[in-house]
Protein chains: 2
Amino acid sequence: MRYSKIPSETIRRLPGYLRALIFLDEKSREYVSSKVFSEYVHVKSPQIRKDFSYFGAFGTKGVGYKVTTLIEQIRGILKLKEVQKAALIGAGKLGTAISLYDGFKTYGFEIAAIFDISNDKIGTRIGEIVVEDPWKIATLCERNIRVAILAVPAESAQETADKLVGAGINGILNLSPCYLAVPKRVKVITIDIAMELGVLPYYS
Amino acid sequence: MRYSKIPSETIRRLPGYLRALIFLDEKSREYVSSKVFSEYVHVKSPQIRKDFSYFGAFGTKGVGYKVTTLIEQIRGILKLKEVQKAALIGAGKLGTAISLYDGFKTYGFEIAAIFDISNDKIGTRIGEIVVEDPWKIATLCERNIRVAILAVPAESAQETADKLVGAGINGILNLSPCYLAVPKRVKVITIDIAMELGVLPYYS
DNA sequence: ATGTGCTTGAGTTCACATTCACAAGCAAAG
DNA sequence: CTTTGCTTGTGAATGTGAACTCAAGCACAT
């Protein structure tokens, strides 16, 4: 299957599709049509069919798509089939909130390590994970952790990102309000809650 | 000035521009060229010039754009000139982390009210704000609060959103992992951290 | 077995966004 | 005053994604 020709905008929508599909699956819904599905994900139905058609046609005319098949397909494309271990850097208020959020397993993620610079926190436990000293970030690669969530103050974000890159990480979810300079092989996604808020008044 | 013809993709980039410009301003940088600016925001220089040209030409050839003028312009377009009051619903771990985050004022936002359903929290103080009972959400309109940040469990997100809509809110930043059904006049932005994480493995 | 109603899948059209290339123009130096 | 170097602003071309439309086809009822 040639996934390489899937448009990037379609990829961007897939996690949203996945979430809705898992929701439908939990409700024991077996089939869903593009029309009904569009209600759940706020994407128009022709768009949904086009997206699904990129990775092969397996819908049933007159009926719709089988929910479990769709989930399998999307998990496969996003490489979420086996559990991905993720590291959390920064155990402040935000980091703690994130580590306790149970939505990660929906996407096959598991927070497998937490780091914090504060001596008060090192050695203590958040959930079931023991907080470690940041110099141990270098061991992430051998622990098979390739994704990191960065919840540190903006001042130390770049510095920490450099360490992560050095440790062989290839994906960073950056929650600091700043851009990170990283090599091209590393994918960075930045979420700045305040910044997202910035477009709201425009649409009023 | 005809702002109405500014492409939506440009609008989406403006908050990012604004953040970088404020950073430059704090560094006392007076002028910035599109080439230099592109390093800061990770957008190519012709794109930046095109974006700026949508809201009028005021760069100086051979020199660049005046940082403070740019900040004024963008604040004007995004309607961030006067301080916008925002309400925070949900004072759990995530809500608390958000209320203590000081990045909001960069965009002219101020958390002016906090609501939580828990009796333990009502009446206590987070930062300088006293946590209120959710039935007081109805008073938001008369308090001149038009934007809300929703940090409640997914189960009660829709119900709370309905209350907010009833209170005359016209923008919601939704941090729950679910879609919200709201009237068209209300703009919703959903951020699901786990979902954003979902695209990372694909790019590995 | 046949017809009916609904849904898929794809080809096409249209709209939008990005990139490119270059003329026009300011500033500073000689 | 003229020249040199750099940067803007924009029209044209290219690329990309969204919306539309409709023939093909499955399932179920009759």
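Each chain gets a letter, A, B and so on, in the order its sequence line appears, and its residues count up from 1.
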Rounded to whole Å, please give me the gap between [atom1] in [X] and [atom2] in [N].
X      : N       : atom1 : atom2 : answer
I6(B)  : dT18(C) : CD1   : P     : 14 Å
I48(B) : dT19(C) : CD1   : C1'   : 13 Å
R12(A) : dT16(D) : CZ    : P     : 14 Å
Q47(B) : dC20(C) : CD    : C1'   : 12 Å
R49(B) : dC6(D)  : CZ    : C1'   : 11 Å
E39(B) : dT7(D)  : CD    : P     : 12 Å
K44(A) : dT8(C)  : NZ    : C1'   : 19 Å
K5(B)  : dC16(C) : NZ    : C1'   : 16 Å

Mark yes or no for whether R143(B), through its side chain, and I145(B), through its backbone, hold a donor-acceptor pair below 3.5 Å. no
Without swapping roles, check the side chain of E196(A) against the backbone of I191(A) for a donor-acceptor pair under 3.5 Å.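 Not at all, since once roles are kept as given, no pair shorter than 3.5 Å links the two residues.
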Assuming nearest nucleotide by heavy-atom distance, tell me which of D51(A) and V63(B) is located more 5' along DNA chain D.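 The answer here is V63(B).
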Using a 4.0 Å heavy-atom cut-off, does [X] contact any base of the nucleic acid, only the sugar-phosphate backbone, or nothing at all?
X      : value
R13(B) : sugar-phosphate
F58(B) : sugar-phosphate
Y65(A) : sugar-phosphate
S8(B)  : sugar-phosphate
S34(A) : sugar-phosphate

Might you point out which heavy atoms bring L18(A) and R75(A) nearest each other, and give the distance in Å? CD1-CG, 4.3 Å
Selected nucleotide, minimal atom distance to K50(A) side chain, candidates dG17(D), dT12(C), dA17(C):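 Shortest atom-to-atom distance from the side chain points to dT12(C).
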Please tell me which of the listed nucleotides, dT18(C), dA18(D), dT8(D), lies nearest to the side chain of E9(B)? dT18(C)
Separation of D51(A) CG from I6(A) CD1 (nearest 0.5 Å):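 These two atoms lie 9.0 Å from each other.
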Does the structure place the NZ or CZ of R19(B) under 6.0 Å from the centre of the six-membered ring of Y179(A), at an angle of no more than 45° from the ring's axis? yes
Does the dG5(D) base have a donor-acceptor partner in the side chain of K61(B) within less than 3.5 Å? no
